[in-house]
Amino acid sequence: IVLPKESGGWQTFWGTILLISAIIILGSVVYYFYLLNIEAISLILLIIPICLLAILIFTKKIIKEEEKTALEKPKTNFKVIVLTFCFLFLELISFALLYKAATGSAIRSPWQVLPKEFFLIYFFSTLFLIVITLYSRRSGRALFLNIIHYFLSSSVALIIYRLGYGFDPFIHQATEKVIFDFGYILPKPFYYVGHYVLVVILAKIAGASVAQIDKFLVPVLFSGAIPAAIYFVFKKISTKNIFNITLPIAALILPYNSFIVTTPQASANIFILLIIILSLVYIASKKAKNWLAVLAFFTAATLFIHPLAGIPALIFLCLVIFFPTSKEAFKNFNNAKIFLFLGFIVLSFFIIPLIFLLNSYLNNNIGAEVSFNYLDDYSKIFSAFEFLKPYFKNHFRLIYDLVYLFSNNIYLVLLSIAGIGLIVAAAKKQIRAFYIYPLTFIILIVNYLGLQALFNFSYLIDYERYNYPARILEISFYFLLPLILYAFFQLFKKMYSRTMIVKIAGLIFVSLVATGSLYISYPRTDDYHLDRGYNITQADINAVRYINDTERDDYIVLANQMTSVAAIKEFGFLKYFPAADGSGKKYFYYPIPTGDPLYQFYLDMVYKKPTRELAAGAGKLVGVNTIYLILDNYWWEFDKLVEEAKQEADAWQAIDQGKAYVFRYLNKSNANP
């Protein structure tokens, strides 16, 4: 109905994404005004086809099967068939290596458990895929192979971390489980609802758990939607079809660490990428009015999923609608339109800091502070431009040096490639179609600078205070993607017309960079970079189960964030205690790092000394007399901490042959023995 001029396959594909968007939008509205029980979900799934039928009736559209013309069947290319089998064999080996290396133990990086041969196999499978896409006459088959390779690239964490990866996904899954079971959670969240609604409805339909749906959602959506969108758009706007199917591989050169695990931010980022990529179809041909409706639909879905991506998407949609990209449009731009347009541009430069300020005023739990005194701190201003600082570290290890030269200067690399794309577009007199992307990029960079220079996110723990500005910075570079893809498109054209040696060198270079991008898209621990976070382990789960099964009194637990998330995974949001000082604040019974004073007590216990006094201080915060401390064997000076804690604690228990220890402290002055 929405895209009647597209072929059946593409109608089905984009219709599916539009259906997902409709579920997000309608489900979010229903959730805000009612709840998400089985009756509401049934109503949502009934309303959508009724609305489609109404559109058919009132617009008098008739869906009929198009007459199929006999097309000449492409000749079989046996070299491509052989390469396809080789590619699929290498992909199968790669997945087998991932499943074999899957672990529930504590690791800092998936590369710690995967053999180095994995990267060699990935390099050759990427190389074969590029050759297949260049010489295959069946674009549908080549696109399917691209999707498989994207899923391999984005599912390393999904497979390696048997119990799950990251911190935020478990919080969101616990929230989704409450909504799944009861239809709502209080207070109803303003953020993330579109993501929660989609996961819950898919889980209800599939008869699966929300955790199963949630952890696969982003890798599957990223793998299916992004390569298809890139191919579809360049097929639409270019006649050089031989290179269109190769462009998705070029996109894998760019790090994709935001899409290796499911979070609402990742879901929203996928939608904003689709909006950016598909906007080329509308901008290139203003007659494609139906695509404007698609962009608007995706923008609404993005706003319901996460406003931090939704606001940039809305700014961009307004620019797409009103920004003049042709001579005729410029001529029709009278003074009133110019004034309104410039007013919108000026407002958009400051919209995100203004919304943060408003949200801080309305929400006491998000106390972002603004102060113009920060402008006097030149170091803070200059730190906002750190992403433009060239960086090189030489450890005399050629491959690693090159990978980290790329990683540490990624924003400079992206700006350079986008600049090349802009210059080429200007030379080919196609610049009007691309003005809108650098303009949106500049708008978001100004918003990023405003957040970074003027706001103090003091309610967050130190290492998370750059989180929000960093997300805006990342999203701003998404808007350079059309220029980057255009530059790659022109590069492939040039490379294809050169000698065989140049072609082979180019193919090897792209495959090497894509392999390096795979490496830097995941947590790493090497001589150049150290990710300090560990994953949730079976010892964490057994430790929280032990306390839950043996303790009958009210208690709190001091533990690291992954042990806390193990408790959330097992028991949900089980206990909250009001602050003993009567402030009205409530604290979760396990420490959550984001602005939680219990986490500071835990840090004092492990970095100073695990004393009874510190434990009692944590108990007094919420008025409980039983305090637990959990130590994991990967913690710094673990053996020393265990011995010190044994001397102070009232009781202790080793978990999983000493992989974790549980210590019980009792405030004997107020508690029953």
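Side-chain atoms are counted along with the backbone in the values below, which use heavy atoms only and exclude waters and symmetry mates. Here the structure is a predicted model, which is why all the values come from computation and not from measurement.
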Determine whether L145 and F87 satisfy the following criterion, side-chain contact (heavy atoms from CB on, under 4.5 Å), listing intermediate values before the conclusion. CA-CA 9 Å; L145 298 181; F87 168 80; 3.8 Å; yes
I'd like to know whether CG of L388 has more than 12 heavy-atom contacts from other residues, nucleotides or ligands below 6.0 angstrom.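 Yes, CG of L388 has more than 12 neighbouring heavy atoms, counting only those of other groups under 6.0 Å.
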Over 12 non-hydrogen atoms of neighbours within 6.0 angstrom of CD1 in I399: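 Not buried by this count: 12 neighbours or fewer within 6.0 Å.
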Do you see a donor-acceptor pair shorter than 3.5 Å between the side chains of [X] and [Y]?
X    : Y    : answer
T246 : T133 : yes
T525 : S109 : no
S267 : H306 : no
Y231 : S139 : yes

side-chain contact (heavy atoms from CB on, under 4.5 Å) between F118 and L98, intermediate numbers included: CA-CA 9 Å; F118 178 82; L98 287 173; 3.9 Å; yes
Side-chain donor/acceptor of N290 to backbone N/O of V2, under 3.5 Å: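 Flag set: sc N290 to bb V2 pair under 3.5 Å.
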Charged N-O contact under 4.0 Å between D540 and K569: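 Salt bridge between D540 and K569, a charged N being under 4.0 Å from a carboxylate O: no.
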Determine whether the aromatic ring centres of residues Y437 and F316 are separated by less than 6.0 angstrom.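 Under 6.0 Å, so yes.
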According to side-chain contact (heavy atoms from CB on, under 4.5 Å), who are the partners of D526, at least two apart in sequence or on a separate chain?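 Checked D526 against side-chain contact (heavy atoms from CB on, under 4.5 Å); matches are Y400, Y404, Y519, R524, Y528, H529.
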